[in-house]
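Protein chains get the first letters and strands the later ones, always in sequence-line order, with residue 1 at the start of each. Note that the structure is predicted; figures quoted are calculated from it, not measured.
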Amino acid sequence: MTESERPPFNLRAGFWALFGFATLGLVLEAMHGFKLGFYLNVDNETRRLLWRLAHAHGALLGLINVAYALTARAWPALEDRLAGRALACALLLMPLGFLLGGAFAEGADPGLSVGLAAAGGVALLFGLGRVAWKAH
Amino acid sequence: VLLEWLLVITALALGVWLLGLRDRYAALLLTSMTLAGAALAVATSSEQKPPTPRPLRGGSEAFATSSACRKCHAAEYASWHDSYHRRMTQTAELAAVAAPDLRQGGRLRVETSGRTVELFARQGQLWARLPDPSVTSAVPGEAYETSFQTAPIRDVPVQLLTGSHQHQAFWVAGARAGELRIVPVVYQIKEGSLIARRDAFLNPPDAPEQAVRWNSNCVQCHAVAGQPAHDEASDAFATSAAELGIACEACHGAGAEHVRAMQNPLTRYAARAGAKTGPPLVNPKNLASERASQVCGRCHSYFFPKQEADWWQHGFAKSYAPGDDLGKAQLLLSREVLAGPDAPHLAASADSLFYRDGTIRVGGREYNGLVRSACFERGQGDKKLSCLSCHSLHQGAPDDQLDPEKLGNQACAQCHARTASDLSAHTHHAASSPGSLCYNCHMPHVSYALLGAIRSHRVDSPAFDPGSDRPNACNLCHLEQTEAWAKAQVARWYGPRADPTLESLRTPDEAPAGARFALAGDAAVRAITAAALGRHESSHDAPALRIQLLGQLMQDDYAAVRTIAERSRRSLLPTTDAAPLTPALVARLLDARDRRPITIAE
């Protein structure tokens with residue numbers, strides 16, 4: 001496959017994210033099935049919430065990246081390099097923030113790494129905003 | 001923390017690489033992202049506090065704790081979580097403190113035994129300022145009060161809380177290693193006030209203050225599998241419990257093995273299909289009624305350990321498990337047992353604990369009453385009275401945990417259907433009146449607990465035994481009538497044969513029964529009557545008599561009687577009627593007062 005034939009970065013990142021976060025969903029289901037205490041015990045309520053958020057946001061951001069890549073191919077005028085990078089950045093930081101925040105949660109408080117989710121949120125809004133502006 | 005920071009920095013570096021920094025918009029975005037991330041991290045991070053000192057070392061490996069139970073039994077967990085059982089013992093975090101003033105950073109103080117005791121919040125933890133407990137609890141019990149009056153004042157962290165329904169008590173480290181001693185104050189939750197502990201219980205006015213110890217008094221019932229672990233050589237405690245409060249495994253037995261087995265989904269589905277899948281947990285509902293009641297009776301009874309030396313080590317954690325025969329671990333106390341040659345030594349007298357007819361009069365000890373009920377003694381199989389005949393721990397409202405399907409007369413109607421179908425023919429009261437509620441006649445409020453009267457759980461019929469000091473059910477409503485009147489009514493309705501004691505009634509007294517109970521009764525009877533004077537169930541309310549009697553009770557020697565009388569007084573309607581009792585009658589009843597010292601301090 002030549003460089004020009006290679007699918008755009010957001011499309012590849014989106015599908016890998018869908019694969020990864022669908023796998024995470026399966027892992028979470030399995031943890032329910034085996035009643036694992038570090039996920040289901042009352043003391044770990046915060047972890048449970050954050051990991052579910054990581055699964056949901058990861059999968060959704062994967063779809064957004066796929067949608068952006070296909071949009072840019074269908075309407076080249078909407079392609080925006082910085083928006084694409086911001087969406088990819090959000091895809092990395094937002095679910096990772098929830099995942100690490102849950103992993104390092106103490107009591108009702110997530111780990112400090114949950115800050116990555118907010119940073120990813122800003123990147124997501126920026127990317128979506130730029131594409132929306134261009135489409136306007 | 002290091003690993004977390006490493007991962008965060010790696011993720012950020014990847015983010016920056018993805019973003020690139022080719023134009024000013026990218027730089028602006030990166031700055032916004034950094035600010036938002038830092039703000040969220042700071043907002044959600046917990047303040048690094050030193051860990052709260054915990055008196056417990058952790059429980060036995062055999063117990064899984066309620067947290068593990070919730071994974072499969074969410075509804076049962078939720079109903080238990082709402083219960084006062086769960087909050088019977090809690091660590092002293094501010095969120096668990098009942099007093100709103102303390103939770104909001106205020107202070108509460110009260111005078112007791114000539115010293116001021118103060119409670120306050122500091123760094124998210126409850127503290128007490130009181131005579132140094134490491135000094136006051138180092139002396140023998142009889143010297144406690146003197147020591148309390150002279151010890152230097154000290155600020156100490158409160159470690160445990162007991163109670164969340166009526167009262168809340170507070171525990172601090174004592175003189176011995178691992179020991180917890182009570183702060184001699186009690187917070188009254190409904191009244192919202194802090195009072196001296198000696199005034200919160202029924203204590204003779206000249207009784208010295210007691211330094212109650214959590215490790216030996218409370219751990220056996222207010223925690224799961226509590227073990228005092230007292231080392232006689234060093235006089236130190238290594239007290240442990242599987243879980244604080246009365247949690248799942250207190251009634252269902254140790255669950256760690258069950259949890260391990262049920263982690264496998266195949267095992268769970270096999271169990272659902274009826275296959276035998278390892279050690280089952282105890283469900284009191286499936287036990288024979290006597291054994292089911294013993295699960296509750298393990299704590300809701302007045303008992304003494306049969307193996308005292310073992311108890312100082314293991315409590316009942318090794319000698320009893322739900323479903324076992326409770327009689328092997330505990331000696332159920334009664335007047336007869338306490339009069340016997342091998343009677344255990346108790347702080348309270350038999351007169352304090354039991355009426356002369358043997359009925360327990362200490363609230364919270366319902367099992368002693370249950371086993372002396374005809375429905376328990378004569379009932380067979382499913383018809384044998386048990387705690388679950390009326391109560392449901394997972395369906396009932398938290399206050400009394402009564403089974404919603406057995407409210408009112410429905411519990412009794414399970415066996416006494418014919419009586420329930422024609423209620424007035426049996427009760428001789430209007431069917432919708434309080435006089436037609438089975439428990440008002442057969443379970444009157446003659447037990448004393450926590451500044452109030454609660455229903456006796458010895459289910460029996462109103463009796464007029466001349467030797468009994470127990471107020472009869474009829475006159476607890478009809479306070480203005482004499483006992484002779486009540487006796488005559490009962491004899492007319494049910495015949496003298498209905499109760500053999502009717503043949504040998506005391507000489508009729510011209511004083512209203514309420515006056516005799518309130519003025520001539522012992523301290524527990526006076527407390528119970530003070531509470532009865534605040535209930536208005538009879539159609540003949542006699543407000544002038546109530547005011548006169550409560551006026552007397554508000555001057556009682558016992559602080560607890562005065563407190564209850566004060567509460568009841570608030571419920572009275574104003575009246576212009578003259579006081580019905582003559583000074584001579586009042587004086588005669590006061591002269592005849594039963595002055596045995598009564599202590600119900602739990």
- Atom CZ of Phe15(A): over 12 foreign heavy atoms under 6.0 Å: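 Atom CZ in Phe15(A) is not crowded, with 12 or fewer foreign heavy atoms closer than 6.0 Å.
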- Message: Taking CD in Glu76(B) as the centre, count heavy atoms belonging to other residues, nucleotides or ligands within less than 6.0 Å. Is the count above 12?
- Response: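 Counting neighbours around CD of Glu76(B), more than 12 heavy atoms of other residues, nucleotides or ligands fall under 6.0 Å, so yes.
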Under 3.5 Å donor-acceptor pairs involving side-chain atoms of residues 30-37 of chain B, not counting sequence neighbours:
{"from": "Thr31(B)", "atom 1": "OG1", "to": "Ala27(B)", "atom 2": "O", "distance (Å)": "2.8"}
{"from": "Ser32(B)", "atom 1": "OG", "to": "Leu28(B)", "atom 2": "O", "distance (Å)": "2.9"}
{"from": "Thr34(B)", "atom 1": "OG1", "to": "Leu30(B)", "atom 2": "O", "distance (Å)": "2.7"}

Can you see which heavy atom on [X] is nearest to which on [Y], and at what distance?
X	Y	answer
Leu29(B)	Ala86(A)	CD2-CB, 3.8 Å
Leu116(A)	Ala11(B)	CD1-CB, 3.7 Å
Leu92(A)	Gly15(B)	CD2-N, 3.7 Å

Taking non-hydrogen atoms and a cut-off under 4.5 angstrom, which of [range] neighbour chain B?
range	result
residues 29-42 of chain A	His32(A), Gly33(A), Phe34(A), Lys35(A), Leu36(A), Gly37(A), Leu40(A), Asn41(A), Val42(A)
residues 50-78 of chain A	none
residues 124-136 of chain A	Phe126(A), Arg130(A)

- Can you tell which of Leu100(A), Leu96(A), Leu91(A), Val114(A) has the highest number of heavy-atom pairs within less than 4.5 Å of chain B?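 Heavy-atom pair counts peak at Val114(A).
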- Task: Please round to the nearest 0.5 Å and tell me the distance separating atom CZ of Phe104(A) and atom CG of Leu7(B).
- Result: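 Atom-to-atom, Phe104(A):CZ and Leu7(B):CG are 5.5 Å apart.
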- Query: Once you round to the nearest 0.5 Å, how far does OG of Ser113(A) lie from CG of Leu6(B)?
  - Reply: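 Reported to 0.5 Å precision, the distance equals 11.5 Å.
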- Query: Any side-chain heavy atom of Val8(B) within less than 4.5 Å of one from Leu112(A)?
  - Reply: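 The answer is no, as the side chains (C-beta and beyond) never meet within the 4.5 Å cut-off.
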- Item | Top contributor to chain A contacts, counting heavy-atom pairs under 4.5 Å, from Met262(B), Gln263(B), Arg268(B) |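 If we count pairs closer than 4.5 Å to chain A, Gln263(B) comes out on top.
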